[in-house]
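Let me begin by presenting the structure, written as structure tokens, before commenting on it.
Note: hydrogens, waters and symmetry copies are ignored here, and every other heavy atom, side chains too, is used. Just so you know, these numbers come straight off a predicted model, no measurement behind them. Letters A, B, ... are given to chains in the order of the sequence lines, protein chains preceding strands, and every chain is numbered from 1.
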There are 2 protein chains.
Amino acid sequence: MNTAVNAKQAGAAGNPGPGAPKTARGARTRARILKAAEDTFGTLGYHRAGISDITRAAGVAQGTFYTYFAGKEEILRELVRDMGHQVRAHLAAEIVDARDRLEAEEKGLRAFLQYLFENPSLYRVLQEAQFVDESIYRDYYEAFGKGYLRMLANATRKGEIRAGNNEVRVWALMGMSNFLGLRYALWERDVPFDEIVDTIADLFRNGLTLDGKEKAS
Amino acid sequence: MNTAVNAKQAGAAGNPGPGAPKTARGARTRARILKAAEDTFGTLGYHRAGISDITRAAGVAQGTFYTYFAGKEEILRELVRDMGHQVRAHLAAEIVDARDRLEAEEKGLRAFLQYLFENPSLYRVLQEAQFVDESIYRDYYEAFGKGYLRMLANATRKGEIRAGNNEVRVWALMGMSNFLGLRYALWERDVPFDEIVDTIADLFRNGLTLDGKEKAS
DNA sequence: CAACAATATGACAACTGATTCACCTTTCCG
DNA sequence: CGGAAAGGTGAATCAGTTGTCATATTGTTG
């Protein structure tokens, strides 16, 4: 069936799908469906959302969905990759002018909280993807973590942060952001982002205990 | 539509279900089904797992399931509450003899990683519950966080940790543990738990930056 | 513009899986 | 012991889904 068309544009990011759009109209429709899927998965959740919900939101017929996506799972995969790109690009832009690692962490955390607040679908789509196909989720966090790790390595080299296992730190930091975002950006905005950022910055600067750096015993 | 007007809001903290067992045999069967659900949800996931999978694993007929549980969603709720009790009890026992907060954090993190490794179902069941009914998940973490907060407040009073927003810290700490557990206890055990604990303990003692300790608020 | 390719439609076949129910079996207790 | 309550059974029902297909519309091109 759709196997006919290949050998064209297949190498972009790895996923050609049943038929990549070959027309401006097709590209537009595909994009509309993808956006509709984001909204629908975001509010109804992956499992409760039917293809019909997505196509209705996109204003196309059900059959049209299968012109561009092999099925529900594939559009989720596509979606997470897209959204991952966006967050990473956004966060990268927000911290680009930080003067040191601590400032980058502060800006990054604030930007992440804000982004999550403005794009709540990201959380749900990503987390649900974990149990649809774990590799989607792992890819996301491994991509994220890889960039993060590079930044920490640089900071270590520059003497901005203490030597230590940066890989473990990366996962700890991503976990912190994730939970803080869920609790304070999605569930309840009862604590200003600035206070959250200050609390975490204090942890980075001074630790949690009282007898930290100064004490030489 | 599954929206329905189900009698969900029944018992906040004592859900009896359709029929609480009135016999030793009944209690045993109910327990078998609950355990089977834990295993089945843990390996197949909530959505892929059918009632028939659960009853088969429990060695009972499909109809028996409904003698004790109103449906798939209710057994999940029950399960998370059960598992929550268990983790909290386990962790509490593990840190009871810690001499100060830092030691409690170290023991707690290590115990959590170990527990997750030995009970991988906990992670999946809990995380999936989030999107079946958010309140299940919130209840779990709010219960967890409440106890955690109390401990941090005590530590603050005793002067073991710096003053700061302990509620925000609690969510940051829970997030850290969660991600570290996922990555290093469930996905790949390529870093010994001791090293993870040491890395985090160092963060708590000294922070992340080299030049801490100057500014005290 | 004619012919062809790409897109779009929407009804529906095929399937999945939760829940029900009429009917047995076991246990309890006077 | 005997009958009632509790426990257990599994085939049948039933609601909801995905993915398909024959057909119609739109666009592209020689």
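Listed for the B/Asp53 side chain is a donor-acceptor partner under 3.5 Å among the backbone atoms of B/Gly50. In terms of modelled atom types and a separation under 3.5 Å, the side chain of B/Asn165 and the main chain of B/Val168 share a donor-acceptor contact. Using modelled atom types, no side-chain atom of A/Glu94 and backbone atom of A/Ala111 make a donor-acceptor pair closer than 3.5 Å.
A straight line from OH of B/Tyr66 to C1' of D/dT9 spans 14 Å, rounded to a whole angstrom. In this entry the distance linking CZ of A/Arg28 with C1' of C/dA6 reads 14 Å, nearest Å. Per the geometry, NZ belonging to B/Lys22 stands 16 Å off C1' belonging to C/dT26, to the nearest Å. Distance A/Leu76 CG to D/dT18 P: 13 Å, rounded to the nearest Å. The CZ-P distance, from B/Arg56 to D/dG10, rounds to 13 Å in whole Å. Atoms CD1 (B/Ile51) and P (D/dG10) sit 16 Å apart, rounded to a whole Å. In this structure, NE2 of B/His47 is placed 13 Å from P of D/dT17, rounded to the nearest angstrom. Here C/dT20 presents its P atom at 15 Å from CZ of B/Phe69, a figure rounded to the nearest Å.
Screening B/Thr64, B/Thr67, B/Leu34 against B/Thr29 for a side chain to side chain contact (heavy atoms under 4.5 Å, CB included) leaves a single residue, B/Thr64.
Checked against D/dG7, D/dT18, C/dA18, the side chain of B/Lys72 finds its nearest nucleotide in C/dA18.
In this structure, A/Phe131 has its ring center at least 6.0 angstrom away from the ring center of B/Phe131.
Ring planes of B/Tyr137 and B/Tyr141: perpendicular class, angle over 60° (limits at 30 and 60°).
Heavy-atom nearest nucleotides on DNA chain C were determined for B/Gly71 and for B/Thr23, and the one closer to the 5' end corresponds to B/Gly71. Mapping A/Ala27 and B/Ala49 onto DNA chain C by nearest heavy atom places A/Ala27 closer to the 5' end of the strand.
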Can you tabulate the close N/O pairs, meaning under 3.5 Å, that link protein atoms to atoms of nucleotides 8-10 of chain C?
| from | atom 1 | to | atom 2 | distance (Å) |
| --- | --- | --- | --- | --- |
| C/dA8 | OP1 | A/Thr29 | OG1 | 2.4 |
| C/dA8 | OP2 | A/Tyr68 | OH | 2.7 |
| C/dT9 | OP2 | A/Ala61 | N | 2.7 |
| C/dT9 | OP2 | A/Thr64 | OG1 | 3.0 |
| C/dG10 | N7 | A/Gly63 | N | 3.4 |

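Within 4.0 Å (heavy atoms only), B/Ala58 reaches no atom of the nucleic acid at all.
Scanning for salt bridge (charged side-chain N to carboxylate O under 4.0 Å, His left out) contacts around A/Glu167 gives B/Arg183, with sequence neighbours left out.
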